[in-house]
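What you are looking at is a predicted structure, and each value in this text was computed from that prediction instead of being measured.
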Amino acid sequence: MTGKLVQVAGGVTGSTGRRDGRATRWEGQRERRRAEFAEAAITVIERHGPDVLTEQIAAQAGVARPRLYRHFDGKADLQHAVCQRIVQRLMAELAPVWRAGGAPHEIITSAIDTIVRWLGTHRQLYRYLARHSRRDPAGRSDAITDFTGAFAVNLGRLLAGALRATGLEDRGTEPFAFGLVAFVEAAIGRWLAEPEGGTAEQFTADLARSVWRLLDGILGERGLRLDPDRPLPDSAGIDLLDTSAR
């Protein structure tokens with residue numbers, strides 16, 4: 001029947017298929033509240049550590065525990081949202097590094113330094129990520145994998161574009177990028193867990209040199225030589241932090 005309303009998942013639509021305004025408003029309010037609760041959780045985690053209780057999060061947010069769970073599908077969903085928020089904070093710290101347009105060695109060193117210092121300063125958040133990010137019974141990809149995977153895809157595209165621009169073979173750049181990102185993630189994780197002598201600055205410098213040698217190796221094998229201290233050309237609009245790349 002023309003104009004007849006039908007009930008659909010998530011709201012009410014008319015014959016035009018447009019969402020009911022109330023459902024749209026509720027979704028927007030729900031997302032805002034989820035973000036607020038995630039921020040409250042981060043505050044409590046920084047204060048009490050990764051074993052924070054839901055009751056502590058609710059108290060920080062000024063609501064009762066049942067009201068908090070109106071916006072999440074259980075504890076795992078809350079943990080997933082908190083992990084996403086933590087990663088978003090780290091990405092915000094990294095954004096200026098990629099937009100600076102510096103030389104390869106400068107960019108690599110700045111990126112590693114930013115990650116090491118941020119995770120070192122927010123060790124409780126790092127511990128929470130390590131404990132909860134990869135535990136999602138709903139089968140969703142975790143926050144860390146979303147970030148590192150998208151970063152690796154974009155890095156692979158950037159390397160491939162640099163090689164193609166000079167008429168060189170770009171085969172294997174994406175697997176290499178994934179391996180490089182995994183190497184950096186594992187090295188930083190190990191150092192944060194058990195720093196074996198030296199300062200954060202020394203660790204950053206050592207890791208940055210290793211990363212550059214690996215990058216220079218794969219590019220050099222294909223005939224592309226970059227000066228590590230010379231500013232890079234335009235990166236063809238590729239945003240290394242674009243998590244939609246996957």
Side-chain angles (χ1 to χ4, degrees), residues 30-97 110-152 181-207 241 243:
R30 184 172 184 266
E31 289 306 311
R32 285 193 298 274
R33 292 298 282 161
R34 283 172 65 92
E36 290 170 2
F37 291 138
E39 288 292 339
I42 287 173
T43 299
V44 178
I45 293 165
E46 295 260 44
R47 187 181 304 148
H48 300 290
D51 295 321
V52 62
L53 301 175
T54 306
E55 287 79 3
Q56 291 173 300
I57 299 173
Q60 176 67 31
V63 300
R65 185 173 183 271
R67 186 176 175 188
L68 185 151
Y69 274 127
R70 286 180 56 195
H71 301 272
F72 298 94
D73 299 325
K75 188 173 183 178
D77 188 31
L78 172 60
Q79 291 170 342
H80 182 75
V82 174
C83 288
Q84 285 185 314
R85 195 69 175 175
I86 294 171
V87 170
Q88 287 169 0
R89 284 191 173 193
L90 176 56
M91 290 172 63
E93 293 292 320
L94 280 169
V97 174
S110 296
I112 294 173
D113 178 68
T114 298
I115 295 171
V116 169
R117 288 185 180 280
W118 194 89
L119 293 179
T121 301
H122 302 281
R123 284 183 178 271
Q124 301 289 27
L125 299 185
Y126 174 68
R127 292 174 62 202
Y128 188 92
L129 270 178
R131 187 170 301 182
H132 298 295
S133 181
R134 292 183 170 90
R135 297 180 182 179
D136 189 357
R140 296 166 296 196
S141 59
D142 64 84
I144 293 178
T145 299
D146 281 345
F147 167 56
T148 58
F151 187 93
V181 170
F183 162 64
V184 172
E185 180 186 1
I188 291 176
R190 178 64 179 178
W191 190 85
L192 287 171
E194 294 186 30
E196 297 180 359
T199 64
E201 290 79 7
Q202 290 170 326
F203 169 75
T204 295
D206 291 342
L207 184 56
L241 299 179
T243 55

Over all atoms of both residues, closest heavy-atom pair of Ala64 and Ala58
C-CB, 4.1 Å

In Å and rounded to the nearest 0.5 Å, what is the CD to CZ distance from Glu93 to Arg117?
12.0 Å

For Ala40 and Ile57 the tightest heavy-atom approach is CB-O, 4.2 Å

Go through Ile86 and Leu90 one step at a time and tell me if the side chain to side chain contact (heavy atoms under 4.5 Å, CB included) criterion holds.
CA-CA 7 Å; Ile86 294 171; Leu90 176 56; 6.0 Å; no

So does Arg47 have more than 12 non-hydrogen atoms from other groups sitting under 6.0 Å from CZ?
yes

Under a 4.0 Å N-O cut-off, is there an ion pair linking Glu39 with Arg34?
no

Parallel under 30°, tilted from 30 to 60°, perpendicular over 60°: which one fits the rings of Phe203 and Trp191?
parallel

Criterion side chain to side chain contact (heavy atoms under 4.5 Å, CB included) on Asp77 and His71, from CA distance to verdict
CA-CA 9 Å; Asp77 188 31; His71 301 272; over 6 Å; no

In this structure, CG of Leu78 is separated from CG of Leu68 (nearest 0.5 Å) by 6.0 Å

What is the minimum heavy-atom distance between Gln60 and Val44, and which atoms define it?
CB-CG2, 3.4 Å

Taking all heavy atoms of Ala81 and all of Ala38, pick out the closest pair and write down the distance.
O-CB, 4.1 Å

Take Phe147 and Leu94, measure what side chain to side chain contact (heavy atoms under 4.5 Å, CB included) needs, and give me the verdict at the end.
CA-CA 12 Å; Phe147 167 56; Leu94 280 169; 3.7 Å; yes

Return the CG to CG distance between Leu192 and Leu119, rounded to the nearest 0.5 Å.
5.5 Å

Do the side chains of Val63 and Arg33 get nearer than 4.5 Å, heavy atoms only?
yes

Could you measure the distance from the CD1 atom of Ile45 to the CG atom of Leu125? Nearest 0.5 Å is fine.
6.0 Å

Test side chain to side chain donor-acceptor pair (under 3.5 Å) on Tyr69 and Thr54; report intermediate values, then the result.
CA-CA 9 Å; Tyr69 274 127; Thr54 306; 3.1 Å; yes

Determine the minimum heavy-atom distance between Ala92 and Pro96, stating which atoms define it.
O-CD, 3.4 Å

Residues Ser110 and Val97: closest non-hydrogen pair is CB-CG1, 3.9 Å

Looking at OG of Ser133 and CG of Asp146, how far apart are the two atoms once the value is rounded to the nearest 0.5 Å?
8.0 Å

Do His48 and Leu53 have side chains that approach each other closer than 4.5 Å (heavy atoms only, starting at C-beta)?
no

Got a second to check how far Phe37's CZ is from Phe72's CZ, nearest 0.5 Å?
6.5 Å

Answer yes or no: is there an ion pair linking Glu36 with Arg32, defined by an N-O contact shorter than 4.0 Å?
no

Go through the steps for Tyr128 and Val52 under the test side chain to side chain contact (heavy atoms under 4.5 Å, CB included), then give the verdict.
CA-CA 9 Å; Tyr128 188 92; Val52 62; 4.3 Å; yes

Without swapping roles, check the side chain of Glu46 against the backbone of Thr43 for a donor-acceptor pair under 3.5 Å.
no

So do the side chains of His132 and Val82 get within less than 4.5 Å of each other, counting heavy atoms only?
no

